[in-house]
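Encoded as structure tokens, the structure appears first; notes follow it.
Counting starts at 1 for both ligands and their atoms, in listed order. We number each residue from 1, following the sequence as shown.
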Amino acid sequence: MAEKKTRKIGGFNHILYQPAQFSSREMVQRSADFYNFANRRRSVRHFSSRPVPREIIENIIKTAGTAPSGANKQPWTFCLVGKPELKEKIRKAAEKEEYESYTTRMSPEWLDDLKKIGTDWHKPYLETAPWLIAVFRRIYEVGKSGQKKNNYYVSESVGLACGMLLMAIQQAGLVALTHTPSPMTFLGEILERPANERPFLLIPVGFPADETYVPDIQRKRLEEICVVYE
Ligand SMILES: Cc1cc2nc3c(=O)[nH]c(=O)nc-3n(C[C@H](O)[C@H](O)[C@H](O)COP(=O)(O)O)c2cc1C
């Protein structure tokens, strides 16, 4: 393999970036193809119990770990839960919170918005899906002598990593749900996470159940989400 070209900048090593090289026509095609691929992603709430090899999920998590992050702190932990007893505990705790949310915490407007999605407090997929990925944001790191070290733009960084995680799940031919059974403090307790980690998302991953239906939602048009200054 060719040796990496390096240069010292500000006293630190930098490596020559190798840009991808496509023709304009290829770039138009590739960007359109990727949009069509991304547009097929849907949140799925009915999972098959068909097993998924751990290696696939680990590759997906490695992809999420390539996300950009504030000052490259990579302030995320992905807990991969396949153990049935833990999934059962997580389901029970999530359903307890979701029951409270649906019956006492959510506003009438929120409940109305959720009607078309068709969700309620039952979360059987937290046990059916072969894997749950519990994503934690690391609000600080702990140095060797126990001192707190700052992380920056933690939510933005972890949100980006989760976006990449979802696309990697789709690329592997699997489905997922972005789930937030709030408050999610139970996740840190059940998974015995350290004090510097806060739950961010709970993502069941696997194959869809046979004949899975998803809400017939519309995505906003380009004109609604993009303002051009050219
Ligand atoms: C931050 C966030 C939290 C969400 N929380 C839940 C949730 O707790 N339960 C659920 O069923 N869906 C949840 N969703 C999924 C959304 O309902 C879904 O993304 C939206 O309806 C669009 O559908 P699509 O993902 O199929 O495009 C959440 C999505 C996001 C981005």
Side-chain angles (χ1 to χ4, degrees), residues 34-48 60 64 67 75-79 81 87 89-129 131-137 139 153-188 190-191 197-209 211-222 224-226:
F34 193 76
Y35 159 64
N36 287 323
F37 168 75
N39 197 26
R40 287 201 302 273
R41 182 207 55 77
R42 292 305 312 274
S43 292
V44 161
R45 298 175 181 83
H46 306 279
F47 283 82
S48 155
I60 286 166
W76 41 65
T77 301
F78 299 90
C79 294
V81 183
K87 288 197 292 177
K89 275 191 189 171
I90 290 172
R91 176 194 175 169
K92 283 187 174 149
E95 287 188 332
K96 194 164 170 257
E97 293 299 352
E98 289 285 83
Y99 179 82
E100 286 305 319
S101 294
Y102 276 85
T103 55
T104 64
R105 294 181 192 138
M106 286 171 173
S107 65
E109 188 187 359
W110 191 351
L111 288 169
D112 204 47
D113 279 336
L114 287 176
K115 269 191 199 146
K116 37 188 170 303
I117 313 286
T119 54
D120 63 23
W121 62 268
H122 296 93
K123 307 294 167 190
Y125 45 75
L126 293 178
E127 280 189 80
T128 329
W131 296 107
L132 306 179
I133 304 176
V135 185
F136 290 83
R137 43 187 199 102
I139 52 171
Y153 296 110
V154 171
S155 296
E156 292 85 344
S157 303
V158 182
L160 286 164
C162 287
M164 295 182 66
L165 184 89
L166 293 179
M167 292 317 300
I169 288 168
Q170 194 186 340
Q171 171 68 13
L174 298 169
V175 294
L177 175 66
T178 310
H179 191 22
T180 42
S182 303
M184 291 194 284
T185 29
F186 67 85
L187 267 184
I190 294 174
L191 299 174
E197 293 188 6
R198 300 282 183 280
F200 188 70
L201 290 176
L202 177 59
I203 306 181
V205 186
F207 291 97
E211 272 222 53
T212 283
Y213 289 83
V214 293
D216 187 9
I217 55 160
Q218 302 304 318
R219 296 203 158 103
K220 289 183 180 176
R221 289 175 292 111
L222 180 66
E224 296 174 275
I225 61 170
C226 176

When you look at [atom1] of [X], are more than 12 heavy atoms from neighbouring residues, nucleotides or ligands closer to it than 6.0 Å?
{"X": "Tyr213", "atom1": "OH", "value": "no"}
{"X": "Lys89", "atom1": "NZ", "value": "no"}
{"X": "Tyr102", "atom1": "OH", "value": "yes"}
{"X": "Glu224", "atom1": "CD", "value": "yes"}

**Report entry** Residue that, paired with Val81, satisfies side chain to side chain contact (heavy atoms under 4.5 Å, CB included) out of Ile190, Leu191, Leu202
**Finding:** Leu191

Would you mind checking which non-hydrogen protein atom is closest to [atom], with the distance to 0.1 Å?
{"atom": "atom 5 (N) of ligand 1", "answer": "Thr180 OG1, 2.8 Å"}
{"atom": "atom 27 (O) of ligand 1", "answer": "Arg219 NH2, 2.7 Å"}
{"atom": "atom 28 (C) of ligand 1", "answer": "Thr178 O, 3.2 Å"}
{"atom": "atom 22 (C) of ligand 1", "answer": "Ile217 CD1, 3.7 Å"}
{"atom": "atom 12 (N) of ligand 1", "answer": "Arg45 NH2, 3.2 Å"}
{"atom": "atom 7 (C) of ligand 1", "answer": "His179 ND1, 3.3 Å"}

Query raised in the report: What heavy-atom pair brings Lys123 and His179 nearest, and what distance separates the two atoms?
Result: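 In this case the closest contact between Lys123 and His179 is CD-NE2, 3.5 Å.
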
Query - Atom of Ile169, atom of Ile203 and distance for their closest heavy-atom approach - result: CD1-CG2, 4.3 Å

If the cut-off is 4.0 Å to any non-hydrogen atom of [X], which atoms of ligand 1 fall inside it?
{"X": "Thr119", "result": "11 (O)"}
{"X": "Arg42", "result": "24 (P), 26 (O), 27 (O)"}
{"X": "Ile117", "result": "21 (O)"}

Requested in this report: Flag the pair Glu95 and Arg91 as a salt bridge only when some basic side-chain nitrogen lies within less than 4.0 angstrom of an acidic carboxylate oxygen.
Outcome: yes

Query raised in the report: Which bit of Leu177 gets closer than 4.0 Å to ligand 1, counting heavy atoms only: side chain, backbone, both or neither?
Result: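 Answer for Leu177: side chain.
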
Query raised in the report: Nearest to atom 19 (O) of ligand 1 by heavy atom, Ser182, Ser43, Gly159: which?
Result: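 That would be Ser43.
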
